[in-house]
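Below is one structure, written out as structure tokens, with a few remarks after it.
Labels below follow one simple rule: chain letters A, B, ... track the order of the sequence lines, proteins then strands, and each chain is numbered from 1.
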There are 2 protein chains.
Amino acid sequence: MENAPIRIALVDDQKLFRGGMKMILADRPDFEVVFEAKNGKQFFERLAFEPVDVVILDVEMPEMDGIETLERLRTTHDDIRVIMLTMHDSDRLINHLMELGANGFLLKDEDPDIVCKAVERVAAEGIFFRDYVSKALLKNNRNKMNIGSLIKPKISDREMEVLQLICKEFTSKEIAEKLFISYRTVEGHRRSLQEKTGSRNIVGLVMYAVQNGLV
Amino acid sequence: MENAPIRIALVDDQKLFRGGMKMILADRPDFEVVFEAKNGKQFFERLAFEPVDVVILDVEMPEMDGIETLERLRTTHDDIRVIMLTMHDSDRLINHLMELGANGFLLKDEDPDIVCKAVERVAAEGIFFRDYVSKALLKNNRNKMNIGSLIKPKISDREMEVLQLICKEFTSKEIAEKLFISYRTVEGHRRSLQEKTGSRNIVGLVMYAVQNGLV
DNA sequence: CAAAGAGTAGGTATAAACACCTATTCAAAC
DNA sequence: GTTTGAATAGGTGTTTATACCTACTCTTTG
């Protein structure tokens, strides 16, 4: 919902792959690819001058690979969200990356739309992963993460009420009348819903509600 | 999407049932129950002075029952949409009613939300039925209706393109830039989409898209 | 060849949504 | 007992969406 776009850095050793990713990300007006890098070393050089919100980081790279880069990044920048990319669907790798503080994990043969969703979600909620990641994490009982609290933003009871009514095509004014509150309050709830779900507008809110089975 | 509400007549011999239905329908700001009647006779008396868009018609009634009422209505008012209500889930009855020109069929122990949806859909698309109705119709090979063409409004290619982009949270202006057309044209497409899907606003459009697997 | 429908686009409004603020109250949690 | 979060609500703009019009150009279809 913010005016400021989500600033993205793209780190992968293959130029063609980076180009493809840029095209995929260009589909989203609220995304901005600030810079690319072909390895971790180059990434840190650029990062010093150009801050980003999200890094899409390939695991397999020459010079300074994704794991090394992630480790070093976590010692200096705790606020930057990292989505790890790899070709290998290995439970051990997933667990390792998550423990190192990755915010998301994606396979390289994933659907393009998923990448955008991943960026959106890590930016808004701090975490994104697909079902295979959940499975891997569940297998690992030495897991230190509190997954439950991270998976979904906590939507309050009142916000949920408002969200349900929004999905029934009521306007803010109508919802206010139904709930006997000011329409400014309804707007407040909707605004906080947009923040929590990482939506640009009411459409994103409705999509979120449907996709998460809230309606 | 129209400003004008959907005008509804409620025909059932039980006053309490009519009252309950009115409460259910009152949940929708775009619905207006113009009048009630306790049988077909009374219904036609009121209809002469108060036009309606949709009639919710009970099958079982004294004096002039739902079937008789439906038959007579089809000789004079072809444009009024009729939703038949009954307690009995009989394939023969369903087929008979549909052949007589009913636009929808609902069981009396249906979920309240379904009633609103039925009204919305018959008003917008001319037809609404649940899965058990489809089954009944399929069993009947002497069926004269062209069901396929009635079930869903035909959304054109360009409209579908616009709808997809709307669901990706793009504004009309952004969609216009993407498709190299004027934003007035995009608005035109969206407007016609709203008409076809019977939506009040962009939220209804998104809900329709999701529920019909268009996204 | 006339009629219908899709796609295009503009005029002129109002209504709703959105952004960015502040501020109070109240209950729960630490 | 202070802090935090949820719910409340107002101010003040800008941007989008919506309503209700008209009208032109195509292509398809009867």
Side-chain angles (χ1 to χ4, degrees), chain A residues 1-6 29-30 124-125 146 149 152-209, chain B residues 1-6 29-30 124-126 149 152-209:
Chain A
M1 59 98 240
E2 270 130 22
N3 262 352
I6 298 173
D30 50 339
E125 302 167 23
N146 183 356
S149 67
K152 283 177 198 194
K154 331 99 202 112
I155 292 174
S156 74
D157 292 350
R158 200 54 157 172
E159 282 165 358
M160 185 61 76
E161 248 182 302
V162 171
L163 182 53
Q164 308 275 348
L165 290 169
I166 286 173
C167 289
K168 284 187 178 172
E169 296 179 56
F170 289 105
T171 66
S172 293
K173 209 197 291 177
E174 289 164 348
I175 293 171
E177 283 161 13
K178 273 191 177 281
L179 301 181
F180 305 109
I181 54 180
S182 158
Y183 95 97
R184 307 311 297 268
T185 306
V186 177
E187 284 191 339
H189 287 313
R190 199 187 44 207
R191 188 179 167 69
S192 95
L193 279 166
Q194 283 183 204
E195 271 173 33
K196 286 182 182 178
T197 60
S199 308
R200 289 182 77 198
N201 51 37
I202 207 164
V203 170
L205 216 47
V206 173
M207 291 297 286
Y208 179 89
Chain B
M1 58 98 242
E2 271 129 25
N3 262 352
I6 299 175
D30 50 338
E125 302 167 23
S149 67
K152 286 178 196 192
K154 330 101 204 109
I155 292 173
S156 75
D157 292 350
R158 199 56 156 170
E159 283 165 357
M160 184 62 76
E161 247 182 304
V162 171
L163 182 53
Q164 309 273 349
L165 290 169
I166 285 173
C167 289
K168 284 187 178 173
E169 298 180 53
F170 289 106
T171 66
S172 293
K173 209 197 293 177
E174 289 165 348
I175 293 171
E177 283 162 13
K178 272 190 178 281
L179 301 181
F180 305 108
I181 53 181
S182 159
Y183 93 98
R184 307 310 297 266
T185 306
V186 177
E187 285 191 339
H189 288 314
R190 199 187 44 207
R191 188 179 166 70
S192 95
L193 279 165
Q194 284 184 204
E195 270 173 32
K196 287 182 180 177
T197 59
S199 307
R200 289 182 76 199
N201 51 37
I202 208 164
V203 171
L205 216 49
V206 174
M207 291 297 286
Y208 179 89

Among dG7(C), dA17(C), dA17(D), the one nearest Asp157(B) by side-chain distance | dG7(C)

For Glu195(A) and dA19(C), give me the distance from atom CD to atom P, rounded to whole Å.
-> 9 Å

Is there a side-chain contact between Val162(A) and Leu179(A) (heavy atoms, below 4.5 Å)?
-> yes

Could you tell me the separation between the CG atom of Leu193(A) and the P atom of dA6(D), rounded to a whole number of Å?
-> 11 Å

Whole Å only: how far is the CG atom of Asn201(B) from the C1' atom of dA15(C)?
-> 11 Å

Distance col, row Arg191(B):CZ vs Leu193(B):CG, nearest 0.5 angstrom, shows 12.0 Å

Can you tell me how far the OG atom of Ser156(B) sits from the NE2 atom of His189(B), to the nearest 0.5 Å?
-> 6.5 Å

d(CD, Glu187(B); C1', dT14(C)) in whole Å | 13 Å

The reported gap from CD1 in Ile155(B) to CG in Leu163(B) (rounded to nearest 0.5 angstrom) is 6.0 Å

Closest to the Gln194(A) side chain, choosing from dG7(C), dA19(C), dA6(D) = dA19(C)

Check: Arg200(B) and Glu174(A) side chains under 4.5 Å, non-hydrogen atoms | yes

In whole angstrom, what separates His189(A)'s NE2 from dG10(D)'s P?
-> 13 Å

note: Arg191(B), atom CZ; dT8(C), atom C1'; distance rounded to Å ~ 16 Å

Distance (rounded to the nearest 0.5 Å) between Glu177(A) CD and Ile175(A) CD1 | 10.5 Å

DNA chain D contacts made by residues 165-186 of chain B, counting heavy atoms under 4.0 Å = Thr171(B), Ser172(B), Lys173(B), Arg184(B)

In whole angstroms, the gap separating P of dA7(D) from CD1 of Ile155(A) amounts to 11 Å

Would a 4.5 Å heavy-atom cut-off, applied to side chains only, mark Glu169(B) and Asp30(A) as touching?
-> no

Would you mind telling me which of dA7(D), dT8(C), dC18(C) lies closest to the side-chain atoms of Ile202(A)?
-> dC18(C)

Checking dG7(C), dA17(C), dT18(D) against the side chain of Arg190(A) (C-beta onward), the nearest is dA17(C)

Would you mind reading off the distance between Leu205(B) atom CG and dA19(D) atom P, rounded to a whole angstrom?
-> 11 Å

